[in-house]
Visitor: 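Structure below; questions to follow.
First listed ligand is number 1; within each ligand, the first listed atom is number 1.
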Amino acid sequence: MRQLIAGNWKMNGLQERAAAIAAPLRRGADGLGCDLLVCPPATLITTVAHILAGSEVAVGGQDCHARGEGAHTGDISAAMLRDAGARYVILGHSERRADHGESDEMVRAKTVAATAAGLTPIVCVGETEAQRLAGEQNAVVGGQLAGSLPEGFVGVVAYEPVWAIGTGRTPTEEDVAAMHGFIRGRLVALLGEGGAGLRILYGGSVKPSNAAALLGLPEVGGALVGGASLQAEDFLGIARAARA
Ligand code: 13P
(Lines give C-alpha, C1' and ligand atoms only; values in the text may rest on other atoms or scores of the structure.)
Protein backbone atom coordinates (compact mmCIF):
# COMPACT_ATOMS: atom_id res chain seq x y z
CA MET A 1 0.00 0.00 0.00
CA ARG A 2 1.19 3.53 -0.73
CA GLN A 3 2.44 5.41 2.28
CA LEU A 4 0.27 8.19 3.67
CA ILE A 5 1.89 11.49 4.57
CA ALA A 6 -0.55 13.42 6.75
CA GLY A 7 -0.12 16.98 8.00
CA ASN A 8 -1.65 18.01 11.33
CA TRP A 9 -1.72 21.81 11.39
CA LYS A 10 -3.00 21.78 14.99
CA MET A 11 -4.24 25.24 16.12
CA ASN A 12 -2.32 27.12 13.45
CA GLY A 13 -3.41 29.13 10.43
CA LEU A 14 -5.75 31.85 9.28
CA GLN A 15 -7.34 32.00 5.81
CA GLU A 16 -4.34 33.61 4.14
CA ARG A 17 -1.84 31.13 5.56
CA ALA A 18 -4.08 28.22 4.56
CA ALA A 19 -3.98 29.31 0.95
CA ALA A 20 -0.21 29.87 1.13
CA ILE A 21 0.31 26.26 2.25
CA ALA A 22 -2.39 24.51 0.23
CA ALA A 23 -1.78 26.07 -3.19
CA PRO A 24 1.86 24.88 -3.47
CA LEU A 25 0.80 21.45 -2.18
CA ARG A 26 -1.70 21.20 -5.00
CA ARG A 27 1.03 21.92 -7.53
CA GLY A 28 3.65 19.74 -5.83
CA ALA A 29 1.51 16.67 -5.27
CA ASP A 30 1.47 15.46 -8.86
CA GLY A 31 3.50 12.36 -9.48
CA LEU A 32 4.38 11.63 -5.85
CA GLY A 33 4.47 7.95 -4.94
CA CYS A 34 2.48 8.45 -1.74
CA ASP A 35 -0.92 9.67 -0.59
CA LEU A 36 -1.11 13.17 0.89
CA LEU A 37 -3.49 14.52 3.51
CA VAL A 38 -3.73 17.84 5.31
CA CYS A 39 -5.73 18.35 8.52
CA PRO A 40 -6.23 22.08 9.08
CA PRO A 41 -8.22 23.58 11.95
CA ALA A 42 -11.97 23.21 11.45
CA THR A 43 -12.37 26.86 10.42
CA LEU A 44 -10.13 26.25 7.39
CA ILE A 45 -11.43 22.91 6.14
CA THR A 46 -13.80 24.41 3.57
CA THR A 47 -11.16 26.83 2.28
CA VAL A 48 -8.49 24.14 2.01
CA ALA A 49 -10.88 21.59 0.50
CA HIS A 50 -11.83 24.16 -2.12
CA ILE A 51 -8.19 24.88 -3.01
CA LEU A 52 -7.39 21.16 -3.18
CA ALA A 53 -10.56 20.03 -4.96
CA GLY A 54 -9.76 17.55 -7.71
CA SER A 55 -6.11 17.30 -6.60
CA GLU A 56 -4.18 14.38 -5.15
CA VAL A 57 -4.31 15.89 -1.64
CA ALA A 58 -7.10 14.91 0.76
CA VAL A 59 -8.38 17.00 3.66
CA GLY A 60 -9.16 15.90 7.21
CA GLY A 61 -10.28 17.19 10.58
CA GLN A 62 -8.40 17.04 13.89
CA ASP A 63 -11.25 15.83 16.14
CA CYS A 64 -14.98 15.20 16.10
CA HIS A 65 -17.74 14.66 18.65
CA ALA A 66 -19.06 11.18 19.32
CA ARG A 67 -22.66 12.28 18.75
CA GLY A 68 -24.19 13.10 15.39
CA GLU A 69 -25.85 16.36 16.48
CA GLY A 70 -27.41 18.07 19.47
CA ALA A 71 -26.72 20.31 22.43
CA HIS A 72 -22.91 20.23 22.47
CA THR A 73 -21.81 23.86 22.31
CA GLY A 74 -18.53 24.34 20.50
CA ASP A 75 -18.28 20.78 19.24
CA ILE A 76 -18.23 19.55 15.66
CA SER A 77 -19.75 16.30 14.40
CA ALA A 78 -18.16 13.89 11.96
CA ALA A 79 -20.93 14.64 9.45
CA MET A 80 -20.11 18.36 9.70
CA LEU A 81 -16.46 17.64 8.90
CA ARG A 82 -17.49 15.56 5.93
CA ASP A 83 -19.91 18.23 4.79
CA ALA A 84 -17.08 20.79 4.94
CA GLY A 85 -14.92 18.65 2.65
CA ALA A 86 -13.02 16.34 5.03
CA ARG A 87 -12.44 12.68 4.25
CA TYR A 88 -10.32 11.78 7.28
CA VAL A 89 -10.28 12.75 10.95
CA ILE A 90 -7.49 12.51 13.53
CA LEU A 91 -8.82 11.07 16.81
CA GLY A 92 -7.25 10.62 20.23
CA HIS A 93 -4.23 12.81 19.55
CA SER A 94 -2.14 13.02 22.74
CA GLU A 95 -2.81 16.76 22.92
CA ARG A 96 -6.56 16.05 23.08
CA ARG A 97 -6.04 13.20 25.53
CA ALA A 98 -4.05 15.60 27.74
CA ASP A 99 -5.86 18.94 27.18
CA HIS A 100 -9.41 17.57 27.09
CA GLY A 101 -9.11 14.45 29.19
CA GLU A 102 -10.07 12.17 26.32
CA SER A 103 -10.16 8.56 27.44
CA ASP A 104 -9.81 5.47 25.29
CA GLU A 105 -13.58 5.01 25.59
CA MET A 106 -14.21 8.50 24.23
CA VAL A 107 -11.79 7.95 21.38
CA ARG A 108 -13.51 4.67 20.57
CA ALA A 109 -16.95 6.36 20.48
CA LYS A 110 -15.60 9.11 18.24
CA THR A 111 -14.06 6.48 15.97
CA VAL A 112 -17.44 4.78 15.60
CA ALA A 113 -19.07 8.14 14.81
CA ALA A 114 -16.42 9.06 12.25
CA THR A 115 -16.76 5.74 10.45
CA ALA A 116 -20.55 6.03 10.40
CA ALA A 117 -20.23 9.47 8.79
CA GLY A 118 -17.97 8.12 6.06
CA LEU A 119 -14.69 9.51 7.39
CA THR A 120 -11.50 7.49 7.69
CA PRO A 121 -10.36 7.70 11.32
CA ILE A 122 -6.69 8.15 12.22
CA VAL A 123 -6.43 6.91 15.79
CA CYS A 124 -3.38 8.13 17.71
CA VAL A 125 -1.53 6.21 20.41
CA GLY A 126 1.79 6.72 22.15
CA GLU A 127 3.59 6.65 25.46
CA THR A 128 4.96 9.50 27.58
CA GLU A 129 8.64 9.82 28.33
CA ALA A 130 8.15 8.53 31.89
CA GLN A 131 6.33 5.49 30.56
CA ARG A 132 9.12 4.76 28.08
CA LEU A 133 11.80 5.19 30.74
CA ALA A 134 9.87 2.71 32.88
CA GLY A 135 9.76 0.26 29.96
CA GLU A 136 5.98 0.47 29.84
CA GLN A 137 5.58 1.58 26.21
CA ASN A 138 4.16 -1.68 24.91
CA ALA A 139 1.70 -2.01 27.79
CA VAL A 140 0.56 1.61 27.31
CA VAL A 141 0.20 1.44 23.54
CA GLY A 142 -1.37 -2.02 23.68
CA GLY A 143 -3.92 -0.75 26.18
CA GLN A 144 -4.70 2.31 24.07
CA LEU A 145 -5.24 0.15 20.99
CA ALA A 146 -7.49 -2.30 22.82
CA GLY A 147 -9.51 0.54 24.35
CA SER A 148 -9.69 2.95 21.42
CA LEU A 149 -10.32 0.73 18.40
CA PRO A 150 -13.88 -0.49 17.93
CA GLU A 151 -14.65 -3.98 16.67
CA GLY A 152 -14.10 -4.21 12.92
CA PHE A 153 -12.02 -1.01 12.89
CA VAL A 154 -11.05 0.15 9.42
CA GLY A 155 -8.77 3.17 9.33
CA VAL A 156 -5.29 4.32 10.17
CA VAL A 157 -3.30 4.06 13.40
CA ALA A 158 -0.69 6.71 14.24
CA TYR A 159 2.08 5.96 16.73
CA GLU A 160 3.19 9.24 18.26
CA PRO A 161 5.46 8.99 21.30
CA VAL A 162 4.38 12.02 23.36
CA TRP A 163 7.97 12.97 24.15
CA ALA A 164 8.86 13.18 20.45
CA ILE A 165 6.08 15.63 19.56
CA GLY A 166 7.39 19.11 18.84
CA THR A 167 10.69 18.40 20.61
CA GLY A 168 13.00 17.62 17.70
CA ARG A 169 13.70 14.25 19.37
CA THR A 170 12.75 10.93 17.80
CA PRO A 171 13.06 7.35 19.01
CA THR A 172 15.88 5.32 17.48
CA GLU A 173 15.12 3.53 14.25
CA GLU A 174 15.24 0.25 16.20
CA ASP A 175 12.65 1.55 18.68
CA VAL A 176 10.33 2.77 15.93
CA ALA A 177 10.59 -0.55 14.09
CA ALA A 178 10.02 -2.50 17.31
CA MET A 179 6.93 -0.47 18.23
CA HIS A 180 5.44 -0.65 14.74
CA GLY A 181 5.96 -4.41 14.74
CA PHE A 182 4.31 -4.61 18.15
CA ILE A 183 1.35 -2.52 16.94
CA ARG A 184 0.96 -4.74 13.86
CA GLY A 185 0.79 -7.77 16.11
CA ARG A 186 -1.81 -6.14 18.33
CA LEU A 187 -3.89 -5.07 15.31
CA VAL A 188 -3.97 -8.63 13.99
CA ALA A 189 -4.80 -9.98 17.45
CA LEU A 190 -7.64 -7.46 17.89
CA LEU A 191 -9.01 -7.31 14.35
CA GLY A 192 -7.92 -10.55 12.69
CA GLU A 193 -7.02 -10.45 9.00
CA GLY A 194 -8.35 -6.87 8.79
CA GLY A 195 -5.55 -5.73 11.08
CA ALA A 196 -2.86 -6.97 8.71
CA GLY A 197 -3.35 -4.32 6.04
CA LEU A 198 -4.00 -1.15 8.05
CA ARG A 199 -1.51 1.68 7.75
CA ILE A 200 0.51 2.52 10.86
CA LEU A 201 1.91 6.06 10.71
CA TYR A 202 4.85 7.33 12.74
CA GLY A 203 4.53 10.85 14.18
CA GLY A 204 6.81 13.04 16.28
CA SER A 205 9.42 15.47 14.93
CA VAL A 206 9.33 14.14 11.37
CA LYS A 207 11.14 16.52 9.02
CA PRO A 208 12.69 16.31 5.55
CA SER A 209 16.10 15.35 6.98
CA ASN A 210 14.90 12.29 8.93
CA ALA A 211 11.92 11.27 6.78
CA ALA A 212 13.69 8.79 4.51
CA ALA A 213 15.14 6.86 7.46
CA LEU A 214 11.84 6.73 9.35
CA LEU A 215 9.69 5.98 6.30
CA GLY A 216 12.09 3.22 5.24
CA LEU A 217 11.46 1.18 8.37
CA PRO A 218 9.35 -1.99 8.31
CA GLU A 219 5.66 -1.52 9.17
CA VAL A 220 5.90 2.26 8.85
CA GLY A 221 3.00 3.09 6.55
CA GLY A 222 3.53 6.83 6.49
CA ALA A 223 3.97 9.83 8.74
CA LEU A 224 1.82 12.18 10.79
CA VAL A 225 3.60 15.50 10.62
CA GLY A 226 3.01 18.51 12.86
CA GLY A 227 5.35 21.49 12.65
CA ALA A 228 6.91 20.60 9.29
CA SER A 229 3.46 20.41 7.66
CA LEU A 230 3.07 24.18 8.07
CA GLN A 231 5.66 24.82 5.34
CA ALA A 232 4.61 23.39 1.97
CA GLU A 233 8.20 22.80 0.89
CA ASP A 234 9.06 20.86 4.07
CA PHE A 235 5.90 18.80 3.83
CA LEU A 236 6.57 17.98 0.18
CA GLY A 237 10.17 17.15 1.10
CA ILE A 238 8.87 14.55 3.54
CA ALA A 239 6.47 13.23 0.90
CA ARG A 240 9.29 12.84 -1.60
CA ALA A 241 11.09 10.62 0.92
CA ALA A 242 8.14 8.22 1.09
CA ARG A 243 8.52 4.67 -0.16
CA ALA A 244 6.65 4.12 -3.40
P1 13P B 1 5.57 17.47 15.32
O2 13P B 1 5.80 16.95 13.93
O3 13P B 1 5.52 18.97 15.38
O4 13P B 1 6.51 16.86 16.30
O5 13P B 1 4.09 17.01 15.75
C6 13P B 1 3.72 15.68 15.59
C7 13P B 1 2.28 15.55 15.82
O8 13P B 1 1.80 15.69 16.93
C9 13P B 1 1.42 15.28 14.65
O10 13P B 1 0.15 14.93 15.03
Visitor: Determine, for Glu102 against Lys110, whether the closest basic-nitrogen to carboxylate-oxygen distance falls under 4.0 angstrom.
Guide: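 Answer for the salt bridge query: yes.
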Visitor: Below 4.0 angstrom from a heavy atom of Ala164, which ligand 1 atoms are there? Numbered from 1 as shown, please.
Guide: 4 (O)
Visitor: Can you tell me which residue pairs pass the salt bridge (Lys or Arg N to Asp or Glu O under 4.0 Å) test with a partner in residues 186-212, sequence neighbours excluded?
Guide: Asp35-Arg199
Visitor: Among protein heavy atoms, which lies nearest atom 7 (C) of ligand 1, and at what distance?
Guide: Glu160 OE2, 3.1 Å
Visitor: Would you mind running through ligand 1 and noting each atom that sits below 4.0 Å from a heavy atom of Gly204?
Guide: 4 (O), 6 (C)
Visitor: Closer than 4.0 Å to some heavy atom of Gly166 - which atoms of ligand 1 meet that?
Guide: 1 (P), 3 (O), 4 (O)
Visitor: Counting only heavy atoms not in Leu133, do more than 12 fall under 6.0 Å of its CG?
Guide: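 Check passes, neighbour count above 12.
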Visitor: Quick one: side chain to side chain contact (heavy atoms under 4.5 Å, CB included) partners of Val112, sequence neighbours excluded?
Guide: Pro150
Visitor: For ligand 1, is any non-hydrogen atom under 4.0 Å from Ile165's backbone (N, CA, C, O), its side chain (CB onward), both, or neither?
Guide: both
Visitor: Does a salt bridge link Glu219 with Arg184, judged by any charged N lying under 4.0 Å from a carboxylate O?
Guide: yes
Visitor: Do any heavy atoms of Lys207 fall under 4.0 Å from ligand 1?
Guide: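 No heavy atom of Lys207 comes that close to ligand 1.
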Visitor: Taking only heavy atoms of Gly227 into account, list the atoms of ligand 1 that are under 4.0 Å away from them.
Guide: 1 (P), 2 (O), 3 (O)
Visitor: Does Ser229 approach ligand 1 within less than 4.0 angstrom via side chain, backbone, both or neither, non-hydrogen atoms only?
Guide: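 Neither; nothing of Ser229 gets under 4.0 Å from ligand 1.
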Visitor: Considering non-hydrogen atoms only, spot the tightest contact between Arg17 and Leu230 and give its length.
Guide: NH2-CB, 3.5 Å
Visitor: Other residues, nucleotides and ligands only: do more than 12 of their heavy atoms fall within 6.0 Å of NE2 on His72?
Guide: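 Result for NE2/His72: enclosed.
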Visitor: Show which atoms of ligand 1 fall inside a sub-4.0 Å distance from at least one heavy-atom site of Leu224.
Guide: 9 (C), 10 (O)
Visitor: Could you tell me the residue and atom name of the protein heavy atom closest to atom 2 (O) of ligand 1, and the distance to it rounded to 0.1 Å?
Guide: Gly226 N, 2.8 Å
